[in-house]
Amino acid sequence: MKLIRFGLPGEEKPGIITDAGMFDASAFGEDFGERFFETEGLDRLSKWWAVNSGNCPRVPDDVRLGPPVQRPSKIICIGLNYADHARETNAQIPKEPIVFFKSTSSLVGPNDNLIIPRNSEKTDWEVELAVVISKKASYVAEKDAMDHVAGYALHNDYSERAFQLERGGQWVKGKSNDTFAPLGPWLATKEEIADIDNLRLWLTVNGKKMQDGNTSNLIFKIPFIVSYLSQFMTLLPGDVISTGTPAGVGLGFNPPVYLKAGDVIELGIEGLGSSKQTAVAWQK
């Protein structure tokens, strides 16, 4: 299945997208949040859809899409998880995953505007594969890790490089501004993706190709990441793990290239759709 959430911010309804279009699944009676995932919601939804799909209203193609999961308990990111990205930023290849958080308040729909933060001069882009957790994970063995994965989504891990790298402390400061985590357009369940380790991911700015990579080049693969994180924290149903970005970020150019108001950022991952954000200036 491919799950969507649609409607005005804060008022999103659950839906399903198929080859025939987008459909309103509000009659199922649940949003796609922590409670849904922890109570085997994907299985229950699949059975419900098999019976009720013919009665679900069509969703207009021009409707706003929200993030495909209701606000998770946490958004966990893995830094420098592609060797080419580590090299372009003059960083060493990590021996263990670099872990940081994004504030859940940065989560927005896939095509919502990117708001460049107040006093920002170094807002940057990062196309990433996101993993959504299906059930509680604590001290999970790598061989069992995929049992805890609900599916996958497209994510743009926006970063303000001065806030992240020049202001001291942890990276979270440069990762958590409002609109810095557009997620979607949909959550694809595991069976939708034949080979998660061989997906092309790309990003353009104003039509110019900036990033063009493949998940085959991940340093730390998804089962290892899920198991690794579960040694340090409990992963809750609906949690989002963003797995890293390939080369081609603005920071990696010489001289660096950063976003400004009016720029249009488009990105996609094979099987997970595409998204488009327009950069706008912060306003009081």
task = Indicate yes or no: does K175 engage E126 in a salt bridge with an N to O separation below 4.0 Å.
result = yes
ask   = Could you give the distance from NZ (K136) to OG (S230), rounded to the nearest 0.5 Å?
value = 12.0 Å
key: Residues R64 and D112 bridged, charged N to O under 4.0 Å   = yes
ask   = Is there a side-chain contact between Y258 and T123, using heavy atoms and a 4.5 Å cut-off?
value = no
Connected via hydrophobic side-chain network under 4.5 Å: L236 and I76 = no
key: Matching residue for K122 among E166, E160, Q164 - test: side-chain hydrogen bond (donor to acceptor under 3.5 Å, both in side chains)   = E166
ask   = In terms of heavy-atom contacts, does CD of Q92 have more than 12 from other residues, nucleotides or ligands at under 6.0 Å?
value = no
message = For R35, I'd like to know if atom CZ has over 12 heavy atoms of other residues, nucleotides or ligands within 6.0 Å.
response = no
ask   = Taking D195 for the side chain and D197 for the main chain, is one N or O donor matched with an acceptor at less than 3.5 Å?
value = yes
request  = Can you measure from CG (L183) to NZ (K102) and round to the nearest 0.5 angstrom?
outcome  = 11.0 Å
key: Test item: L201 and Q211 side chains (from C-beta on) under 4.5 Å apart, heavy atoms   = no
query = Hey, does the side chain of T215 reach the backbone of L199 with a donor-acceptor pair shorter than 3.5 angstrom?
reply = yes
key: Over all atoms of both residues, closest heavy-atom pair of T189 and M1   = OG1-N, 2.9 Å
ask   = Does a sphere of radius 6.0 Å around NZ in K173 hold more than 12 heavy atoms from other residues, nucleotides or ligands, not counting ones at 6.0 Å or beyond?
value = yes
ask   = Step by step, would you call L203 with T245 a side chain to side chain contact (heavy atoms under 4.5 Å, CB included)?
value = CA-CA 10 Å; L203 181 144; T245 198; over 6 Å; no
note = In terms of heavy-atom contacts, I193 and G271 come closest through CD1-O, 3.9 Å
Same cluster (ILVMFWY, side-chain, under 4.5 Å), W202 and L259 = no
Test item: P237 and S134 side chains (from C-beta on) under 4.5 Å apart, heavy atoms = no
inquiry  = Would you say that V69 contacts F36 through its side chain, given a criterion of any heavy-atom pair below 4.5 Å between the two side chains?
reply    = no
key: Path from V132 to M233 over hydrophobic side-chain contacts below 4.5 Å   = no
remark   = Of all heavy-atom pairs linking F37 and F32, the shortest is CE1-O, 3.8 Å
request  = Working to the nearest 0.5 Å, report the span between CG of L229 and OG1 of T234.
outcome  = 11.5 Å
request  = Kindly give the heavy-atom pair with the smallest separation between W48 and C56, and that separation in Å.
outcome  = CH2-SG, 3.5 Å
remark   = W49 and T18 have their tightest heavy-atom pair at CZ2-CG2, 3.9 Å
message = Run I17 and F23 through side chain to side chain contact (heavy atoms under 4.5 Å, CB included) and show every step you take.
response = CA-CA 6 Å; I17 185 170; F23 297 89; over 6 Å; no
message = Using modelled atom types and a 3.5 Å cut-off, is there a donor and acceptor pairing between side-chain atoms of E12 and backbone atoms of G10?
response = yes
inquiry  = Does either side chain, that of D239 or that of S73, offer a donor lying less than 3.5 Å from an acceptor on the other one?
reply    = yes
message = Could you check whether any side-chain heavy atom of I133 comes within less than 4.5 Å of a side-chain heavy atom of I241, counting everything from C-beta outward?
response = yes
ask   = Is it true that atom NZ of K190 has more than 12 heavy atoms of other residues, nucleotides or ligands lying nearer than 6.0 Å?
value = yes
message = Other residues, nucleotides and ligands only: do more than 12 of their heavy atoms fall within 6.0 Å of CZ on R167?
response = no
ask   = Hey, is the main chain of G33 close enough, under 3.5 Å, to the side chain of D31 for a donor-acceptor pair?
value = no
key: Sidechain-backbone polar pair: R58 side chain, A20 backbone, donor-acceptor under 3.5 Å   = yes
query = Side chain of R44, backbone of F28: donor and acceptor closer than 3.5 Å?
reply = no
request  = Using modelled atom types only, decide if a donor and an acceptor are shared between the side chain of S176 and the backbone of S103 within a distance under 3.5 Å.
outcome  = yes
ask   = Under 3.5 Å, side chain of S227 to main-chain N/O of V140, donor-acceptor pair present?
value = yes
request  = Check the surroundings of atom NZ in K276: do more than 12 heavy atoms from other residues, nucleotides or ligands lie under 6.0 Å from it?
outcome  = no
task = Check each of L65, I4, L3, L154 against W186 using the side-chain contact (heavy atoms from CB on, under 4.5 Å) test, and report the only one that passes.
result = I4
task = Indicate the atoms forming the closest heavy-atom contact of P68 with L187, along with that distance.
result = CB-N, 3.5 Å
L107 reachable from L129 in the ILVMFWY side-chain graph, under 4.5 Å edges = no
task = Under the side chain to side chain contact (heavy atoms under 4.5 Å, CB included) rule, what do N217 and Y82 come out as? Steps first, then yes or no, please.
result = CA-CA 6 Å; N217 294 318; Y82 288 77; 3.9 Å; yes
ask   = Between atom CG of N81 and atom CD1 of I93, what is the distance when rounded to the nearest 0.5 Å?
value = 10.0 Å
task = Answer yes or no: is there a side-chain heavy-atom contact under 4.5 Å between F101 and Q170?
result = no
ask   = To the nearest 0.5 Å, how far apart are SG in C77 and CH2 in W171?
value = 10.0 Å
message = I'd like to know if R87 and D84 make a salt bridge, using a cut-off of under 4.0 Å between side-chain N and carboxylate O.
response = no
key: Flag side-chain contact, heavy atom, 4.5 Å: V240 against H155   = no
message = Are more than 12 heavy atoms, taken from residues, nucleotides or ligands other than E192, located less than 6.0 Å from that residue's CD atom?
response = yes
request  = Please examine the side chains of W282 and N119, heavy atoms only from C-beta on, and report whether any two atoms are closer than 4.5 Å.
outcome  = no
message = Evaluate Y158 against N177 for side chain to side chain contact (heavy atoms under 4.5 Å, CB included), listing each step before the verdict.
response = CA-CA 9 Å; Y158 281 114; N177 289 94; over 6 Å; no
inquiry  = Do F224 and V99 land in one hydrophobic cluster if side-chain heavy atoms of ILVMFWY residues count as linked below 4.5 Å?
reply    = yes
message = Can a side-chain donor-acceptor contact be found between Q277 and N156 if the only test is distance below 3.5 angstrom?
response = yes
query = To the nearest 0.5 Å, how far apart are CD in E142 and CD1 in I225?
reply = 10.0 Å
